[in-house]
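The next block holds one structure in the form of structure tokens; read it before the comments.
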Amino acid sequence: MTDPNPRSAGWLGNPVRWLALGFGAGLSPVAPGTAGSLVGIVVYLPLSALPTPWYVVAVTAAFAIGVPICAQAARNLGDHDHPSIVWDEIVGFLVAMTALPRDWTWVLGAFVLFRVFDIIKPWPIRRIDAHIKGGLGIMLDDLAAGLAALTILHLALHLSKQL
């Protein structure tokens, strides 16, 4: 049986758990989801050099591998969506940054909006979080939060070009 404490020795030695815990960011004693989102910025930086279609492929792959990774970590932790599981925050932030200018203003905007949507969980994010369980549920609510942030940011980008 796996030790359900992610701070136990050897927990991060498993590649699946290491990814699920956002390379260790999920072990933050304060705001692990925010720490995971900060790791999302670090992951975004090299990915942002990709052409948009390849960026979308990379983010889609990160989402797809996140479903079983988060499911396994949740089973190991004995908790549907343990706070230390932050791969979903990394991917959600990456979604929020899709096809936006590579500029710190947009990164900061995506970070703040994604965190707001992920924490507050307005409809339909709250419904997804409440009704879809397992790895898919863990990933989907953050995908929805990322898409909500992305929508607002692309509206802002469109409006800024009109001015």
Side-chain angles (χ1 to χ4, degrees), residues 6-7 11-12 14-74 77 79-122 124-126 128-129 132 134-157:
R7 288 184 174 78
W11 229 87
L12 291 178
N14 176 299
V16 169
R17 296 183 208 143
W18 184 68
L19 289 173
L21 272 59
F23 316 109
L27 298 177
S28 172
V30 178
T34 299
S37 298
L38 288 170
V39 169
I41 294 172
V42 175
V43 172
Y44 165 76
L45 293 174
L47 289 179
S48 68
L50 295 172
T52 299
W54 286 109
Y55 180 89
V56 171
V57 167
V59 174
T60 301
F63 180 89
I65 67 167
V67 173
I69 285 170
C70 292
Q72 181 64 48
L77 290 164
D79 186 337
H80 156 67
D81 194 358
H82 193 279
S84 67
I85 300 172
V86 297
W87 183 259
D88 50 329
E89 272 82 9
I90 294 169
V91 173
F93 173 78
L94 294 174
V95 168
M97 283 302 300
T98 302
L100 287 171
R102 190 177 182 192
D103 176 277
W104 282 104
T105 306
W106 296 101
V107 171
L108 180 61
F111 179 82
V112 169
L113 284 172
F114 170 69
R115 291 308 301 146
V116 166
F117 284 118
D118 189 35
I119 292 166
I120 295 175
K121 297 192 186 315
I125 301 166
R126 182 177 308 275
I128 292 166
D129 185 55
I132 302 174
L136 183 61
I138 292 169
M139 293 299 297
L140 273 180
D141 74 306
D142 288 87
L143 172 67
L147 289 171
L150 177 68
T151 300
I152 290 171
L153 291 166
H154 273 275
L155 285 170
L157 179 60

| note | To the nearest 0.5 Å, atom SG of Cys70 lies from atom NE2 of His80 at 10.5 Å
| remark: What one should report as the nearest heavy-atom pair of Thr98 and Leu150 is O-CD1, 3.2 Å
| note | On a heavy-atom basis, the closest approach of Ile128 and Ala144 is CD1-CB, 3.8 Å
| said: Please evaluate residues Arg126 and Asp129 with respect to the criterion salt bridge (Lys or Arg N to Asp or Glu O under 4.0 Å), reporting the C-alpha separation (whole Å), side-chain torsions for both, the decisive distance (0.1 Å), and the verdict. | reply: CA-CA 5 Å; Arg126 182 177 308 275; Asp129 185 55; over 6 Å; no
| Contact check, side chains of Phe111 and Trp106, non-hydrogen atoms, under 4.5 Å | no
| Gly36 versus Glu89, closest heavy-atom pair with distance | C-CB, 4.2 Å
| said: To the closest 0.5 Å, what do you measure between CD1 (Ile69) and CE (Met139)? | reply: 8.5 Å
| query | In Å, rounded to the nearest 0.5 Å, how long is the span from CZ of Phe23 to CD1 of Ile90? | reply | 5.0 Å
Pairs of donor and acceptor atoms involving the side chains of residues 37-45, under 3.5 Å and at least two apart or interchain, shall be tabulated with distances.
unit_1: Ser37; atom_1: OG; unit_2: Gly33; atom_2: O; d: 3.0

| query | So, for Ala58 and Leu50, which heavy atoms are closest and what is the spacing to 0.1 Å? | reply | CB-CD1, 4.4 Å
| task | Output, in order, the C-alpha distance, side-chain angles, deciding distance and verdict of side chain to side chain contact (heavy atoms under 4.5 Å, CB included) for Trp87 and Phe63. | result | CA-CA 9 Å; Trp87 183 259; Phe63 180 89; over 6 Å; no
| task | Kindly indicate whether the side chain of Tyr55, heavy atoms from C-beta on, has any atom under 4.5 Å from the side chain of Leu94. | result | yes
| message | Are Phe114 and Val95 packed together at the side-chain level, in the sense that at least one heavy-atom pair is separated by less than 4.5 angstrom? | response | no
| task | Compare all side-chain heavy atoms of Asp142 with those of Val91 and state whether any distance is below 4.5 angstrom. | result | no
| said: Would you compute the distance between atom CG of Asp141 and atom CD1 of Ile132 and round it to the nearest 0.5 angstrom? | reply: 9.0 Å
| Got Val107 and Phe93 here, is their nearest side-chain heavy-atom distance under 4.5 Å? | yes
| Closest non-hydrogen atom pair between Ala74 and Ile138, with its separation | CB-CD1, 4.0 Å
| request: Check whether any side-chain heavy atom of Leu140 lies under 4.5 Å from a side-chain heavy atom of Asp88, and answer yes or no. | output: no
| field | Minimum heavy-atom distance between Arg102 and Ser48, given as atom pair plus value | value | NE-OG, 2.7 Å
| request: Calculate, to the nearest 0.5 Å, the distance between atoms CG and CG belonging to Leu153 and Leu157 respectively. | output: 8.5 Å
| CD1 on Ile85 to CG on Asp79, rounded to 0.5 Å | 7.0 Å
